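A short write-up of the structure that comes next.
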Amino acid sequence: MDIFNVFTFIGGLALFLFGMDVMGEALKNTSGGTLQRSLSKMTSSTFKGVLLGAGVTAVIQSSSATTVMVVGFVNSGIMTLHQAVGVIMGANIGTTMTSWLLSLVSVSGTGFLINMLKPSSFAPLLAMIGVLMRFAGKTDRTKNAGNIMIGFAVLMTGMETMSSSVEPLSKMPGFIQLFTKFTNPLLGVLVGLTLTAIIQSSSASVGILQALCSTGAVTYGAAIPIIMGQNIGTCVTAILSAIGASKNAKRAALIHLYFNIIGTIIFMTVFYTLNSIIDFSFMDHVANPAGIAVIHTTFNVTATAILFPFSRGLEKLACATIRDDKTPVPDEEQDEILQRLDNRFLSQPSVALSVSTDAVLRMAEYAEEAVDLAMSLFDKYDEDVAARIKKLEKKTDRYEDRIGTYILGITPQALSEKESRRTTILLRSITDLERIGDHAVNLKDSANEMYTKNQHFSNNGAEDMKVMLRAVTELLKITTSSLRDFDPDAAEKIEPLEEVVDDLSFELKSRHIIRLRNGICTVEMGFVLEDMTTNLERIADHCSNMGVTLAQEQLNVERRHDTKREIKDSPAFKSDYKKYQEMFSLSGNAE
């Protein structure tokens, strides 16, 4: 084996790893995030968790990605530690799917169907179809399907390249003698662990082992302990992702490690004890890729079957290793929703957008609550309520900063067109929601001024103001509901009500002037009225901004003014405007 064979092997390995990455990303994008999001929902029992973990990992072709997501879910409080145990077990089973796909490289025989199963036959065809779909496809789904085919074709080509490049090693006595040393179980485990820890993918390290089978030097006696070590080595990714995470997230990573270590110890103890008694003849036989896949699957399924009844024990072991602190955590750090904005999800846009949406909706609830409380102060001023409004405003500030930074960190290349539009909606919305929180504080200040100066509206003036307050309250509810459902149709109801709020503001000011001339109201109350109507108008404007941003998604209009014009020109706008005018009409008497 010369230097050119080494170059060929390195090139094959590069193609193999690249193809695996392309295929895995395309599979994740094709699922639209449904699989990833379901991880946090279908785990009501450990058994369901095992099935779900196996299914998700088999689809996205990466147990490391699944376990890192699990660590993130546990860290953010979306998933409990007990729910994580089953998913982690299932991920180990799901990852065996890759080894079965790679075993196709060992298919031999004649005949059209047999030849079509060989990578050298179907890989070029898949690559060509994939390229056509990638560049001619008009939808994200079609392009992702093309990427899956391209990735799989590149992966299998890399596998074949590695296998062919190492064939000369079969004639080197030194290489054959090297593998005889791996029959020492402890050394084999250490080699498999080290290789997998370096490349952080058990699927990739198993693939390399399958490629080396073509040398004829890899016996089952050498392969078995290496595979055991590979299962332990894959835990490194989850452990690294848990650095700086919560205690429960670190425990989830430890459960993954303990599961594989304990499973390896039990499997190897039983296996080598039986071997010493029965003397398995196949141990000296040359391994093949299909045989490697069988061993890989047998170990993971057996380990899961043995340890499944002891899932609570694994959980307790992790908790005993990492104990709880007795020091209380500051209130700001206990915000459950903000904790869900975990950086581990940034490479999974669908999950990151899901937790970001939850955070924006909570922010909207805070802003709406602040406005409602501020309005209540005009009936009865309360210092505790005023303090709550200030606290809510600070929360909206903190949410805007945290959510904005988080969304901007989502991997832009992995976003579909729909997801990209959603990020725009969320980013624009948090700015408007933060400003609504500020206007709530301004309304609180106006109420405080009236309270400290013992000022009051006239009876009719107070009734007029209540109408405008009710209109803004209704507008906030519609806006929050539209944002929750990402419903552009519901958002189009915002604009006519915002127009009614503007009309009310103008009419309230006009009526105040009439009352002022008649000596019913005072100039000082005019200043308060101006501040109140201005802040309520601004709140309505920010609701309008969010509604227009939502409507742009459906109307496919780039500029905000064009979207507003289309909404106002629609028959629905005129109908809703008239309805809201009647719903929030002022009394006939200005005095």
Side-chain angles (χ1 to χ4, degrees), residues 37 40 75-78 330-343 345-346 349-376 385-410 419 421-444 472-488 490-491 494 498 535-536 538-553:
R37 289 194 298 271
S40 61
N75 183 60
S76 59
I78 297 175
D331 180 63
E332 288 76 10
E333 297 179 24
Q334 290 181 330
D335 195 314
E336 176 192 349
I337 298 298
L338 287 185
Q339 284 181 355
R340 294 185 180 186
L341 302 180
D342 196 297
N343 289 338
F345 301 147
L346 291 177
S350 57
V351 180
L353 284 176
S354 178
V355 295
S356 297
T357 301
D358 290 341
V360 172
L361 290 175
R362 178 59 61 86
M363 184 181 179
E365 290 172 6
Y366 287 150
E368 188 176 353
E369 181 186 354
V371 173
D372 287 342
L373 290 175
M375 291 177 180
S376 72
V385 173
R388 172 65 178 166
I389 294 169
K390 291 179 69 175
K391 186 175 182 181
L392 289 170
E393 190 272 333
K394 288 182 179 178
K395 281 191 173 184
T396 57
D397 285 347
R398 188 165 72 250
Y399 266 63
E400 181 196 26
D401 180 62
R402 183 74 178 88
I403 296 170
T405 303
Y406 186 76
I407 292 178
L408 291 173
I410 297 175
E419 288 170 335
R421 290 199 301 269
R422 183 160 290 197
T423 59
T424 301
I425 291 171
L426 294 177
L427 284 171
R428 288 181 177 175
S429 296
I430 58 175
T431 301
D432 289 307
L433 291 170
E434 189 276 332
R435 292 296 298 140
I436 289 174
D438 291 341
H439 290 301
V441 172
N442 293 342
L443 288 171
K444 183 266 300 179
V472 172
T473 299
E474 179 66 17
L475 184 57
L476 278 168
K477 287 180 180 178
I478 295 174
T479 304
T480 303
S481 176
S482 301
L483 196 58
R484 180 178 295 107
D485 300 328
F486 280 92
D487 184 1
I494 294 172
E498 189 271 340
N535 281 290
L536 291 171
R538 295 292 179 269
I539 291 172
D541 289 340
H542 290 297
C543 289
S544 172
N545 291 342
M546 289 185 276
V548 169
T549 302
L550 280 163
Q552 279 179 308
E553 181 177 351

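Scope of the values below: all heavy atoms of this structure, side chains included, with no hydrogens, waters or symmetry mates. On a predicted model such as this, the values are computed, not experimentally measured, just so you know. Positions are given from 1, in the same order as the sequence printed here.
In this structure, T549 and N545 approach most closely via the heavy-atom pair OG1-O, 2.9 Å. In terms of heavy-atom proximity, I539 sits nearest to V371 at CD1-CG2, 3.9 Å. Here the closest heavy-atom approach between residue L483 and residue S429 is recorded as CD1-OG, 3.5 Å.
Checked by atom type and distance alone, the side chain of S544 never pairs as donor or acceptor with a backbone atom of A540 at under 3.5 Å.
Annotation: salt bridge (Lys or Arg N to Asp or Glu O under 4.0 Å) contacts of D541 (sequence neighbours excluded): R538. In this view, L353 and I410, L415, E419, T423, L426 satisfy the side chain to side chain contact (heavy atoms under 4.5 Å, CB included) rule, not counting sequence neighbours. Qualifying side chain to side chain contact (heavy atoms under 4.5 Å, CB included) partners for D485, counting only residues two or more places apart in sequence or in other chains: S481, D487. Residues passing the side chain to side chain contact (heavy atoms under 4.5 Å, CB included) test with L341 are L338, V355, S356, A359, R402, I403, Y406, sequence neighbours excluded. Remark: R388 pairs with E369 by the salt bridge (Lys or Arg N to Asp or Glu O under 4.0 Å) rule, at least two apart or across chains. Considering only residues two or more places apart in sequence or on other chains, R435 meets the salt bridge (Lys or Arg N to Asp or Glu O under 4.0 Å) condition with D438. Partners of E368 under the salt bridge (Lys or Arg N to Asp or Glu O under 4.0 Å) rule, at least two apart in sequence or in another chain, do not exist in this structure. Partners of N442 by side chain to side chain donor-acceptor pair (under 3.5 Å), not counting sequence neighbours, listed by chain and number: N535. T473 is linked by a side chain to side chain contact (heavy atoms under 4.5 Å, CB included) to D372, M375, K477, counting only residues two or more places apart in sequence or in another chain.
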Do any side-chain atoms of residues 360-367 form donor-acceptor pairs under 3.5 angstrom with protein atoms, and if so which ones, sequence neighbours left out?
{"residue": "R362", "atom": "NE", "partner": "E365", "partner atom": "OE1", "Å": "3.4"}

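Between I494 and V548 there is no side-chain heavy-atom pair separated by less than 4.5 Å. By the 4.5 Å heavy-atom criterion applied to side chains, D432 and T479 are not counted as neighbours. The closest side-chain heavy-atom distance from E434 to I430 is not below 4.5 Å. Here the side chains of L443 and I389 are not in contact, with every heavy-atom distance at 4.5 Å or above. Side-chain contact check for H542 versus L433: every heavy-atom pair is 4.5 Å or farther apart.
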*Check step by step if side-chain contact (heavy atoms from CB on, under 4.5 Å) holds for L392 and L373.*
CA-CA 10 Å; L392 289 170; L373 290 175; 4.0 Å; yes
*asked:* Please evaluate residues T396 and I436 with respect to the criterion side-chain contact (heavy atoms from CB on, under 4.5 Å), reporting the C-alpha separation (whole Å), side-chain torsions for both, the decisive distance (0.1 Å), and the verdict.
replied: CA-CA 9 Å; T396 57; I436 289 174; over 6 Å; no
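Atom CE in M546 sits 8.5 Å away from atom CG in L475 (nearest 0.5 Å). For the atom pair R428 CZ and L550 CG, the distance stands at 10.5 Å (nearest 0.5 Å).
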